[in-house]
Amino acid sequence: MNPSDKEILHLAVPSIVSNITVPLLGLVDLAIAGHLGSARYIAAISVGSMIFNIIYWLMGFLRMGTSGMTGQAYGARDTKGIHMLLRRSLTMSLLIAAVFLVFQWPLREAALGIIHPSQVVWPLAATYFNIVIWGAPAMLSLYSLNGWYIGMQDTRVPMFVAIFQNIVNIIASLFFVFMLHMKVAGIALGTLVAQWSGVLLSVVLLRAKLRKMKASAIIGPSATGSIVADNEKRYSWGTFFRTDRDIFLRTLCLVAVNLAFTSAGARQGDLMLAVNTLLMTFYTLFSYVMDGFAFAGEALGGKYYGARDYSGLHNVIHRLLIRWGLSLAIAFTAVYILGGGLLLRLLTNDAQVVAAAHTFAYWTWLIPLAGFAAFVYDGIFIGLTATRGMLISSFTASLAFFLVLAVAVFSPMAHTHPLLVNHILWLAYIIYLAMRGVMQYFILRSAGASLKKKE
């Protein structure tokens, strides 16, 4: 295997494992709630988890902004910059977490007001929120630490931490719920313990890594002082804030599209909501794998760009996009065509839902080929800290999604052809995925012309 491919897999595989373990925290909570004897406990955990999933998804810039700039400092062999970016990112994480803690009451009331659960579920969801919100400093710090590790070409530590968190969550939640009979409060407390345990382990491993760096010559003064000086401008406070702002706004676009997709399905009734939820699992499975290669793009793109190794950067982009991205897209497409029906039957035994899902299943065949480029380019753009291009492509693709969706929602056929409405909804989502990748291609191609002049 080519050394570049080994380098990519060394970063991608642990990230894929980490991605797969992330939803387990929520699944464990739901599974325990499902054995408490009432549907209201499941509903409360679902509402509480949804609130924090959205909050932390929006805070993803803490990880992504850190990984790209740290990767550039790593590539430039800039020890000072590496340490500075770590301190800066952790400082921002703790400040944002402090804001969440100070304003937790209005945040809770606003979130529950938007979701508007029943009178029975509301106080239980509030209890869950009141406990888990105290994990905000741990979770946001972990985002910064994970981003720093990725920039340092190390995705194994985030993987170990994610696995450790899930083990702690299972043990703690079972103890609090079934030994101390704390019900929803016990589930929330188990999640909180897991969050703080994860960040403490990450800090312990960080201290060991910093000691190793200090004693090792792997990261040292750059051979070219001008590279370090130029990189320091790239990860100045101004660049740091602009990068995080662009990623935050881009994430808002993604959240808006996903919420609109779910809402549009819900407006068509419980059956269509169930169908779309099941079919979106195909996207989720694909995203777990492709996100791993996006993380590799963040790490390697930042490293080669920081080192001014533009031929290495072009090689990584080509291999990530063509050899891995396209190959995996073709493989997932084949699996979905041949085994999609089996996956649907594994997800549910409701014959009506399965039959209805088969009507729209071919849209899932288009997800990998339409979406793989956006995943890979996202990683590259983050590594290059070219986040404005990410924002422009996401905003434009989101606008296209809502324009196509408007046809389904506001046209007369919404009342006369309900199945056609859902087909248009899926068409809008596929266009959204494809447009992100296509626009990023042209943006990167334009930027690549200037990079070739520097070689």
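Counting from 1, the numbers follow the sequence of the chain as shown. Predicted, not measured: the structure shown is a model, and the values here were computed from it.
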Hey, does the side chain of T387 reach the backbone of M390 with a donor-acceptor pair shorter than 3.5 angstrom? no

Can you confirm whether E298 sits close enough to F293 that some side-chain heavy atom of one is under 4.5 Å from a side-chain heavy atom of the other? no

Is any side-chain heavy atom of K303 less than 4.5 Å from a side-chain heavy atom of Q72? no

Test salt bridge (Lys or Arg N to Asp or Glu O under 4.0 Å) on R250 and D378 and set out the steps. CA-CA 11 Å; R250 168 257 188 189; D378 276 352; 2.6 Å; yes

By the definition side chain to side chain contact (heavy atoms under 4.5 Å, CB included), identify the one residue from I247, N53, L252 that meets it with L58. L252

Derivation of the side-chain contact (heavy atoms from CB on, under 4.5 Å) call for T243 and F61: CA-CA 8 Å; T243 299; F61 64 84; over 6 Å; no

A side-chain contact here means heavy atoms from C-beta on lying under 4.5 Å apart; do T333 and I337 qualify? yes

Hey, are W324 and D5 close enough side-chain-wise for a donor-acceptor pair under 3.5 Å? yes

Would you please classify the geometry between the W426 ring and the F261 ring as parallel, tilted or perpendicular, with 30° and 60° separating the classes? perpendicular

Main-chain N/O of L278 paired with T281 side-chain donor or acceptor, under 3.5 Å: yes

Would you say the rings of F286 and F372 are close, in the sense that their centroids are separated by under 6.0 Å? no

So, for A373 and Q440, which heavy atoms are closest and what is the spacing to 0.1 Å? O-OE1, 4.3 Å

Under a 3.5 Å distance rule, please check whether S263 uses its side chain to pair with a backbone N or O of A260 as donor and acceptor. no

Side-chain heavy atoms of L321 within contact of L326, under 4.5 Å: no

To check you understand the geometry: which heavy-atom pair defines the closest contact between D246 and L391, and what is its length? OD1-CD2, 3.8 Å

Of all heavy-atom pairs between V132 and Y56, which one has the smallest distance, and what is that distance? O-OH, 4.5 Å

Can N146 and S144 be counted as having a side-chain donor-acceptor contact under 3.5 angstrom? no

Which pair of heavy atoms, one from G292 and one from S15, lies closest together, and at what distance? CA-CB, 3.7 Å

Which distance, rounded to the nearest 0.5 Å, do you find between the CG of N19 and the OH of Y288? 8.0 Å

Which of V199, L142, N166, L145 passes side chain to side chain contact (heavy atoms under 4.5 Å, CB included) with V161? Answer is L142

W148 side chain reached by L90 side chain, heavy atoms, under 4.5 Å: no

Y128 versus A188, closest heavy-atom pair with distance: CD1-CB, 3.7 Å

Is any side-chain heavy atom of F52 closer than 4.5 Å to a side-chain heavy atom of I133? yes

I'd like to know whether M84 forms a side-chain contact (heavy atoms from CB on, under 4.5 Å) with M69, so could you lay out the CA-CA distance, the side-chain angles of the two residues, the decisive distance to 0.1 Å, and finally the verdict. CA-CA 11 Å; M84 180 189 71; M69 282 183 273; over 6 Å; no

Would you say T396 and Y432 make side-chain contact, with heavy atoms under 4.5 Å? no

Show, in sequence, the C-alpha distance, side-chain angles and deciding distance for W365 and Y336, and conclude whether the ring-ring contact (aromatic ring centres under 6.0 Å, His included) test is met. CA-CA 6 Å; W365 305 349; Y336 287 169; 9.7 Å; no

Closest non-hydrogen atoms of A374 and R436, given as atom of the first, atom of the second and distance, are CB-CB, 3.9 Å

Gap separating the OG1 atom of T251 from the CD1 atom of I54, nearest 0.5 angstrom: 13.0 Å

When you look at F381 and L444, which way does the side-chain contact (heavy atoms from CB on, under 4.5 Å) test go after all the steps? CA-CA 8 Å; F381 274 59; L444 190 61; 3.9 Å; yes

Taking the side chain as C-beta and beyond, is there a heavy-atom pair between R323 and H318 under 4.5 Å? no

Derivation of the side-chain contact (heavy atoms from CB on, under 4.5 Å) call for L427 and W363: CA-CA 8 Å; L427 173 63; W363 289 110; 3.7 Å; yes

